[in-house]
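Here the structure comes first, spelled out in structure tokens, and everything after it is commentary.
Please read all numbers here as calculations on a predicted model, not as lab measurements. Below, chain A is the first sequence line, B the second, and so on; all start at residue 1.
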4 protein chains.
Amino acid sequence: MTSSAEPVSRAERKKQELRREIIDAAFDCFAERGYHATGIADVAARLGIGHGTFYRYFQNKRDIVDHVVDDLVGRITGALTAENAPDAVSTLDEYRAQSARIGEALGRIFGEDPRVPRLLLFEAPGIDRAMAERILDLFDLAAALTAAYLSHGVELGYLRADLDVENTARAINGMILGTAISSLRAPEAQAAQSEALRRVMYDGIAAR
Amino acid sequence: MTSSAEPVSRAERKKQELRREIIDAAFDCFAERGYHATGIADVAARLGIGHGTFYRYFQNKRDIVDHVVDDLVGRITGALTAENAPDAVSTLDEYRAQSARIGEALGRIFGEDPRVPRLLLFEAPGIDRAMAERILDLFDLAAALTAAYLSHGVELGYLRADLDVENTARAINGMILGTAISSLRAPEAQAAQSEALRRVMYDGIAAR
Amino acid sequence: MTSSAEPVSRAERKKQELRREIIDAAFDCFAERGYHATGIADVAARLGIGHGTFYRYFQNKRDIVDHVVDDLVGRITGALTAENAPDAVSTLDEYRAQSARIGEALGRIFGEDPRVPRLLLFEAPGIDRAMAERILDLFDLAAALTAAYLSHGVELGYLRADLDVENTARAINGMILGTAISSLRAPEAQAAQSEALRRVMYDGIAAR
Amino acid sequence: MTSSAEPVSRAERKKQELRREIIDAAFDCFAERGYHATGIADVAARLGIGHGTFYRYFQNKRDIVDHVVDDLVGRITGALTAENAPDAVSTLDEYRAQSARIGEALGRIFGEDPRVPRLLLFEAPGIDRAMAERILDLFDLAAALTAAYLSHGVELGYLRADLDVENTARAINGMILGTAISSLRAPEAQAAQSEALRRVMYDGIAAR
DNA sequence: AATGAATGAGTATTCATTCAT
DNA sequence: GATGAATGAATACTCATTCAT
């Protein structure tokens with residue numbers, strides 16, 4: 001009765017905790033051994049729980065990977081909202097600072113843990129058509145965000161007035177993607193990569 | 001014995017032909033239904049051959065996908081060599097023409113048949129670690145080629161002298177990758193994509 | 001300790017009540033969805049109790065179905081004893097009246113609720129050998145009762161003196177069985193069925 | 001080329017043979033251990049084949065039991081057609097002879113191998129609703145046949161003119177059913193059972 | 001050389017039962 | 001006493017691969 005008013009009892013909290021742990025363990029397994037090579041038993045064993053327990057928390061193997069991706073997508077979109085939302089800045093200085101923050105945030109997410117790009121870019125798309133579509137949705141979402149960001153830059157007069165924001169957004173996201181993939185093999189090159197990306201973006205490659 | 005000197009007898013030719021057809025059929029299946037969802041029986045059925053026959057031409061399921069990827073890699077590197085090799089040009093005009101040719105060729109390969117990027121980027125990396133490494137190798141190769149191309153551009157004075165060719169190459173390849181992925185959903189936007197890519201590359205996005 | 005002498009305390013009564021409800025719920029489930037398709041969780045959910053609670057009242061899934069069958073067998077034998085016991089009548093008129101009463105009673109039990117024949121004839125025998133034997137025991141019991149009834153009829157001079165009571169009893173019970181099964185699909189035909197059964201029984205089908 | 005005209009090659013014949021053996025083995029298993037207690041592996045092991053082979057011949061476990069039942073139904077209807085068809089006789093003597101033949105045939109099918117009634121009456125109805133319906137269909141079919149047989153008897157003046165053929169048919173079939181069930185425990189009583197059945201049928205049980 | 005019948009390793013999933021709370 | 005979270009034994013089914021014909 002004391003804490004019955006709170007929406008979460010201790011049992012409920014325990015439950016959410018285990019749910020979280022299962023998602024994490026599944027992420028580990030899928031990223032390390034691959035979705036198809038991972039059995040539910042592997043995920044359960046990693047947590048030291050019975051594999052029947054898994055099915056108390058998730059419908060089936062396909063279900064968990066959706067939640068794993070949800071989780072990653074949440075992390076990424078979290079990095080691109082709030083203070084980093086396209087319209088959260090209004091001066092050039094702020095714009096530049098935001099630009100740097102976004103780069104850093106993405107760099108941290110993708111670069112710190114190579115399992116993130118591995119799962120999202122290498123494992124997920126091959127799971128099935130529905131998942132491939134989810135990843136494409138994610139690219140579309142990212143393109144829309146970047147486009148909004150560019151539009152804002154054009155409005156501020158910071159970027160070229162004739163910029164094709166939509167397609168340029170996709171090109172820039174492609175560069176970020178390339179950085180993420182590079183980081184799978186050469187994590188140490190990430191800073192230089194980001195710098196190169198920024199230079200291409202702002203200055204192009206042509207001699208003046 | 002009579003014709004053992006000749007590299008290819010009629011039987012041998014037949015054999016090579018079927019081998020080729022199996023690779024193509026496997027490509028079709030893998031790209032359309034996915035590697036794991038495709039059975040050897042599906043590939044054989046598409047050709048109207050017995051599925052036992054498959055094993056007379058390829059070791060196993062894993063073997064064939066390697067050959068499918070070989071085939072695609074060959075097509076891509078083919079587009080980037082000969083007249084499009086990094087050092088095949090020596091004037092700015094040639095350099096620009098080559099640049100356009102490469103863009104066109106890649107656009108054709110990736111854009112004309114969405115199954116190519118789908119297999120190479122969405123299916124292959126998730127098959128297993130070895131295949132993921134192959135795809136990363138492919139990215140490295142592409143980066144090396146692009147870097148050589150950029151170096152040449154710098155030497156010619158066409159590109160910025162302080163260009164970080166290695167990392168810029170990866171950024172540019174990332175943009176190409178982004179274009180290829182975009183083409184999965186919006187093939188009609190490809191031309192505009194390429195144009196945006198080129199403008200970013202040569203001019204950057206900043207207002208002057 | 002205080003009321004250990006009394007056979008039923010309030011708690012004990014509660015317990016018996018829930019026990020009864022579990023049996024009924026199990027009967028419902030088994031008859032509607034089938035024994036194998038029914039989970040203990042289904043039975044518990046129907047009562048709104050936790051499925052762990054089930055095991056405080058019954059040993060296991062196999063145990064409960066025994067009790068469900070017990071219950072039905074009790075209902076049936078109840079209809080065939082007391083005033084309907086084979087030797088409860090002594091005149092032809094009483095015999096006839098008893099005959100009608102038995103028919104009515106069985107008709108009510110089997111006909112009113114098709115789940116009774118469904119469980120007893122369709123579900124139970126397939127559960128396992130032991131249960132099949134129980135059902136055969138039930139047939140034997142019914143045959144013995146009917147045989148006693150026929151013997152009595154012979155003694156009263158109401159039935160043919162040369163009647164093979166044992167085997168005729170089984171034949172008659174077979175007809176009742178047939179009626180019960182028919183009622184699964186055509187409950188409305190039950191009265192006509194019973195009439196036809198009686199006519200065959202008493203008059204045969206041959207023209208005179 | 002020699003025998004390519006024949007619809008069945010040796011391979012095809014082999015295939016049909018194994019198919020037949022699987023049905024028989026499944027019948028054995030289902031009748032002896034029960035449908036649910038029987039695994040596909042059991043059926044395969046009984047034949048000394050790999051259990052994967054089973055799936056080359058039947059869709060799934062549910063599929064095979066349908067074929068087993070088909071087989072039994074075929075045997076039974078076979079006994080009730082041709083010379084035993086309701087309208088295959090035209091004189092009283094023939095009618096009686098046919099009656100005896102049918103009794104004999106059914107007695108042989110049900111009595112010789114107790115696994116037949118066990119599977120059909122004890123196992124099949126509890127498998128699932130669809131199978132229960134099949135069994136009810138079988139009862140309906142049998143009732144229709146018996147009714148036709150009785151109608152014919154009425155026309156011939158052999159049976160009571162006021163006979164309720166439909167319901168009487170079901171009563172009679174019930175007696176046959178009773179005999180079949182009895183034979184599970186007392187196969188030796190079958191002849192006496194049949195005789196009692198016939199006497200009830202033709203003469204009734206009442207004293208004259 | 002081609003075939004496809006046979007094979008069985010491998011795996012996702014269910015559900016009766018237990019037991020700590 | 002009641003609960004339901006945890007468990008893992010059990011099993012149907014798939015499909016890559018082999019090999020006799």
Can you name the side-chain contact (heavy atoms from CB on, under 4.5 Å) partners of [X], sequence neighbours left out?
X	result
Ala26(B)	Phe30(B), Val43(B), Ile64(B), Val68(B)
Ala11(B)	Ser9(B)
Lys15(C)	Glu12(C), Tyr57(C)
Ile40(D)	His51(D), Phe54(D), Tyr55(D), Lys61(D)

With sequence neighbours left out, which residue pairs that include part of residues 37-48 of chain C fulfil the salt bridge (charged side-chain N to carboxylate O under 4.0 Å, His left out) condition?
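Matches after skipping sequence neighbours: Asp28(C)-Arg46(C), Glu32(C)-Arg46(C), Arg33(C)-Asp42(C).
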DNA chain E stem ranges, 3 or more consecutive Watson-Crick or G-U pairs under 3.5 angstrom:
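Stem segments, range with range: E:2-21 with F:2-21.
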What does Lys14(B) touch in the nucleic acid at a heavy-atom separation under 4.0 angstrom: a base, only the sugar-phosphate, or nothing?
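Since no nucleic acid heavy atom lies under 4.0 Å of Lys14(B), the category is nothing.
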Can you name the ring pair (Phe, Tyr, Trp, His ring centres under 6.0 Å) partners of His67(B), sequence neighbours left out?
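For His67(B) the ring pair (Phe, Tyr, Trp, His ring centres under 6.0 Å) partners, ignoring immediate neighbours, are Phe58(B).
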What is the 5' to 3' range of DNA chain F, first to last nucleotide, that sits under 4.0 Å from any heavy atom of chain C?
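The protein-touched segment is dG1(F) to dA5(F).
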Only counting residues at least two apart or in another chain, list the ones meeting side-chain hydrogen bond (donor to acceptor under 3.5 Å, both in side chains) with Arg20(D).
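Result, side-chain hydrogen bond (donor to acceptor under 3.5 Å, both in side chains) vs Arg20(D): Asp24(D), Asp71(D).
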Those residues that, when tested against Asp66(D), pass side-chain hydrogen bond (donor to acceptor under 3.5 Å, both in side chains) (two or more places apart):
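Asp66(D): side-chain hydrogen bond (donor to acceptor under 3.5 Å, both in side chains) contacts with Arg62(D), Arg134(D).
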Glu133(B): which residues meet the salt bridge (charged side-chain N to carboxylate O under 4.0 Å, His left out) condition with it, sequence neighbours left out?
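Glu133(B) satisfies salt bridge (charged side-chain N to carboxylate O under 4.0 Å, His left out) with Arg118(A), Arg185(A) once adjacent residues are dropped.
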Selection: residues 39-63 of chain D, any non-hydrogen atom under 4.0 Å of DNA chain F
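Gly39(D), Ile40(D), His51(D), Tyr55(D), Asn60(D), Lys61(D) - these, ordered by number, are the residues of the stretch whose heavy atoms sit under 4.0 Å from the strand.
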Side-chain donor/acceptor of Glu123(B) to backbone N/O of Tyr35(B), under 3.5 Å
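Present.
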